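Note that the numbering runs from 1 along the sequence shown for the chain. In this text the structure is predicted, and so the values were computed from the model without any measurement.
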Amino acid sequence: MSTVNAQESKGFYKLSWLQRIGFGSGDLAQNLIFQTVACYLMIYLTTVLKINPAFVSGLILTVRLIDCFWSPIVGRYIDNRNPKLGKYRTYLLYGGIPLTVAACLLMLPQVAEWSMTMKMIYATVSYTVLSMIYSVVNIPYGSIMASMTRDNDEVLILTSTRMVCANIGQIIVQAGFPIGLALCIHSAINWEQAIFMAIGTIPAFIILPLLPTLKRWLGKKGLYYTLLTIGLVGFAFLFYIGKFDDVSSSKWTLFVINVLDAKIPVTVIMLVKLMTGVGLLVGSLMWALVPEVITESEYRTGNRPAATVNALAGVAFKAGFSVAGWITPLAMGWIGFNFATEESALATDPMAWFTVTGIFAIVGFFLLMLCFMGSKENITTTPEKPVTFGEMWQEFKASKCLQLVLSIFVVVFLASFISGPVNAYYTELNKYSDIAQNAILIFTCIIPAVLLIVVGLLIYKYPLTDERLDEINKEIEARNNK
């Protein structure tokens, strides 16, 4: 038996680029929907449907609380079953169709003509259904990565590929949504706004492909600290420009490029936003720690609870998103910026919102099918007896690694999403009152910067080194081959 085959027989599988990209296409698919909700749903509900921001805040929090109970149920269900089409892949196929339909119905244009009570009911039902179906697809998708290989280098490459695809989805939505709205209503495209919304995702396309090299140079924690430091400097500069200077000033323009007969200034502000994206990229890298936590759990318990751990990670990820969605409209209203009454940063035509969302959802469905065909499950286990919720809680209490990773997820994604919708207003900062400007700066600069400092402190406490992981994996395989 060759050395490669011997290693693969122990679970250390080497993956082809077709498998890596096939798997990554699932993250691209889901981000076309998730980023639409994360960045634009709050703006849609408050400026298109004119729903009170306080209600929207409560709705986002309530749906996420429901998901905190729903996701572990989904994870437990998946871990305890082994469908013929794949323990995890099956749900990409059977969950993809209802997810696409639910995403299209989220922004149904006829709702804008209904009474306020009916708008609120429809928003509640449609968003809750979409969120629950999303978990049915997202949790098993995350579990696939831990089932493809035990090789830490391969997991890192797979994570970087997945996150590049995820950031492609993010940049398509963040830049493409305002562009798509403008095209639908035949208005001029605000290129500066579109670029500012999306430019924070650019570092992913530079850093993620270099991740194995950067990790060798800087070490796991050194890499995280470097990215966080760059992000903090970026947030500081972004705050300084917004607070003490004129965001729209031509002196910040470095050069001008021509796109579709439009002159687009490239500014210092865009480059500073690029730096903030480097810091927030740590959120993407956190997914590389999830397979480590799953492996550590298998080492202690003998079971490999991939879906359960991914469900808990999903709860933590969505907790950060939900707290951001809950507190942003409320706190900005307290400070003096009300999304429902201030001038909207985006077009408010209901049909335009439905059209753009529908296109993203349908494209996402075909990408999910590509992921289904391209992913291969090599390492899966089904417990001899069903995993109970009590055992899930015991696992959370027993694993310091899991506790730290979940805490990092909450904080880093709170930093990412608390500024998401507000970014659309930053390039138009001078149009608003001093109080409103302060509200925008607090949420786009100060709060994310403070949260990144907290992320750094949590990473400092994370105990699993690559050397220890290799030892654990070898001991697991030796134990399984007895």
Side-chain angles (χ1 to χ4, degrees), residues 26-46 48-49 51 53 55-78 91-92 94-108 111 119-143 166 169-170 173 177 283 307-308 310-329 353-354 357-358 360-362 364-365 368 406 409-410 413-414 416-418 420-421:
D27 231 322
L28 170 54
Q30 292 170 86
N31 266 277
L32 291 178
I33 295 173
F34 181 79
Q35 290 296 329
T36 297
V37 172
C39 295
Y40 297 109
L41 179 62
M42 184 180 70
I43 296 178
Y44 169 77
L45 295 177
T46 54
V48 178
L49 298 188
I51 298 176
F55 176 84
V56 174
S57 171
L59 170 62
I60 292 173
L61 181 62
T62 301
V63 172
R64 294 278 69 88
L65 287 175
I66 292 172
D67 204 53
C68 287
F69 293 97
W70 173 245
S71 289
I73 292 173
V74 174
R76 176 178 177 270
Y77 179 90
I78 293 169
Y91 302 92
L92 303 183
Y94 293 135
I97 294 175
L99 179 64
T100 303
V101 173
C104 290
L105 294 178
L106 183 65
M107 298 181 184
L108 194 67
V111 177
K119 288 178 182 178
M120 294 165 72
I121 293 173
Y122 188 86
T124 301
V125 174
S126 61
Y127 183 34
T128 302
V129 170
L130 175 64
S131 178
M132 295 180 74
I133 298 174
Y134 183 85
S135 294
V136 174
V137 173
N138 180 254
I139 291 170
Y141 169 76
S143 305
Q170 188 173 345
V173 173
F177 209 97
T308 297
N310 272 280
L312 295 174
V315 168
F317 163 65
K318 292 169 186 173
F321 164 56
S322 62
V323 172
W326 165 63
I327 201 170
T328 299
W353 282 79
F354 173 75
T357 302
F360 287 161
I362 293 169
F365 171 75
L368 278 179
L406 296 186
F409 265 108
V410 172
F413 286 109
L414 175 57
S416 296
F417 293 121
I418 204 163

Hits for ring-ring contact (aromatic ring centres under 6.0 Å, His included) against Tyr40, two or more places apart or cross-chain, chain-then-number order -> Phe177
**Item:** Worked verdict on Leu106 versus Val37 for side chain to side chain contact (heavy atoms under 4.5 Å, CB included)
**Value:** CA-CA 9 Å; Leu106 183 65; Val37 172; 4.0 Å; yes
Looking only at heavy atoms, the pair that brings Thr357 and Ala103 closest together is CG2-O, 3.5 Å
Sorted by chain and number, sequence neighbours left out, side-chain contact (heavy atoms from CB on, under 4.5 Å) with Thr124 holds for Phe55, Leu59, Thr128
Distance col, row Ser135:OG vs Leu99:CG, nearest 0.5 angstrom, shows 10.0 Å
Sorted by chain and residue number, the side chain to side chain donor-acceptor pair (under 3.5 Å) partners of Thr100 (sequence neighbours excluded) come out as none
Residues passing the side-chain contact (heavy atoms from CB on, under 4.5 Å) test with Tyr122, sequence neighbours excluded, are Leu105, Leu108, Val111, Trp114, Ser126
Rounding to 0.5 Å, atoms CG (Leu41) and CE (Met107) come to a distance of 5.0 Å
CD1 (Ile66) and OG (Ser71) are apart, to the nearest 0.5 Å, by 11.5 Å
The side-chain contact (heavy atoms from CB on, under 4.5 Å) partners of Leu406 (sequence neighbours excluded) come to Leu312, Ala313, Ala316, Phe396, Leu402
#### Entry: 4.5 Å side-chain heavy-atom contact, Val137 and Tyr91
no
query: Should Ile139 and Trp70 be marked as a side chain to side chain contact (heavy atoms under 4.5 Å, CB included) after you check the CA-CA gap, both sets of side-chain angles, and the distance that decides it?
result: CA-CA 11 Å; Ile139 291 170; Trp70 173 245; over 6 Å; no
query: Do Tyr127 and Ile60 come within less than 4.5 Å of each other through their side chains, counting heavy atoms only?
result: yes
Thr328 and Ala324 have their tightest heavy-atom pair at OG1-O, 2.6 Å
Residues at least two apart in sequence or cross-chain that pass side-chain contact (heavy atoms from CB on, under 4.5 Å) with Val125, listed by chain then number, are Ile121, Val129
Interatomic distance, CG@Asn138 vs CD1@Ile133, rounded to 0.5 Å, equals 13.5 Å
Original post:
Where the side chain of Gln170 meets the backbone of Ala166, is there a donor-acceptor pair that is under 3.5 Å apart?
Top reply: no
query = If you draw a 6.0 Å radius around CD1 in Ile97, do more than 12 non-hydrogen atoms from other residues or ligands fall strictly inside?
reply = no
Sorted by chain and number, sequence neighbours left out, side chain to side chain donor-acceptor pair (under 3.5 Å) with Asp27 holds for Asn31, Arg162
Original post:
So, does Thr36 use its side chain to make a donor-acceptor pair with the main chain of Leu32 at under 3.5 Å?
Top reply: yes
Closest non-hydrogen atoms of Ala102 and Leu130, given as atom of the first, atom of the second and distance, are CB-CD1, 3.9 Å
By ring-ring contact (aromatic ring centres under 6.0 Å, His included), Phe34 pairs with (sequence neighbours left out) Tyr134, Phe317, Phe321, Phe417
